[in-house]
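Contents: one structure, followed by commentary.
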Amino acid sequence: MPRKPPLKVLVVAREERVQGLLQDLLEPAGYLVSLARDEGEARFMIDQEISQNRGYDLVVAEHPAPFVRGLKLVRWAKRTHPYLKVILI
């Protein structure tokens, strides 16, 4: 049986220590982790992945945090990419 590719997770957090903590938790569990520092960077990365016929399986976004508008990101993701799962932490 062919192996399933690992799930891709986008972590959106302003602070590097928060990004690092989540990356350290997710990568050993087999997830491919990408990091974004704010909502704008996250939107760009999501759209770029979609345009290349790839995508993220999950977005984990820090909320509330300066420059990371978690709820705004969730609304945008659900409107533009309704299949995308988003978790606010």
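Positions are given from 1 along the sequence.
Here the side chains of Leu58 and Ile87 are in contact, with some heavy-atom distance below 4.5 Å. With contacts defined as side-chain heavy-atom distances shorter than 4.5 Å, the pair Trp76/His81 qualifies. No side-chain heavy atom of Ile50 sits under 4.5 Å from any side-chain heavy atom of Thr80.
Using a distance-only test at 3.5 Å, with no hydrogens or angles considered, no donor-acceptor pair links the side chain of Glu49 to the main chain of Arg54. Under a 3.5 Å cut-off, the side chain of Glu62 and the backbone N or O of Val12 do not form any donor-acceptor pair. Checking side-chain atoms of Lys78 against main-chain N and O of Leu73 turns up no donor-acceptor pair under 3.5 Å.
For Arg17, the CZ atom sits in a loose shell: 12 or fewer heavy atoms of surrounding residues, nucleotides or ligands are nearer than 6.0 Å. A 6.0 Å sphere centred on CD of Glu27 holds more than 12 heavy atoms belonging to other residues, nucleotides or ligands.
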Verify side chain to side chain contact (heavy atoms under 4.5 Å, CB included) between Val60 and Ile89, making sure each step is shown before the conclusion. CA-CA 7 Å; Val60 178; Ile89 56 169; 4.0 Å; yes

Hey, mind stepping through Leu26 and Val11 against side chain to side chain contact (heavy atoms under 4.5 Å, CB included) and telling me if it holds? CA-CA 10 Å; Leu26 294 167; Val11 172; 4.1 Å; yes

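Between Leu10 atom CG and Glu41 atom CD the span is 8.5 Å, to the nearest 0.5 Å. Note that CG of Asp57 is 9.5 Å distant from OH of Tyr83, once rounded to the nearest 0.5 Å. Between the CD atom of Gln48 and the CD atom of Gln52 there is a distance of 5.0 Å, given to the nearest 0.5 Å. To the nearest 0.5 Å, atoms CE (Met45) and NZ (Lys8) are separated by 9.0 Å.
Between Pro6 and Gly30, the shortest heavy-atom contact is CB-O, 3.1 Å.
Put simply, Leu25 and Val18 are part of two different groups of oily side chains (I, L, V, M, F, W, Y) that touch within less than 4.5 Å, one to the next.
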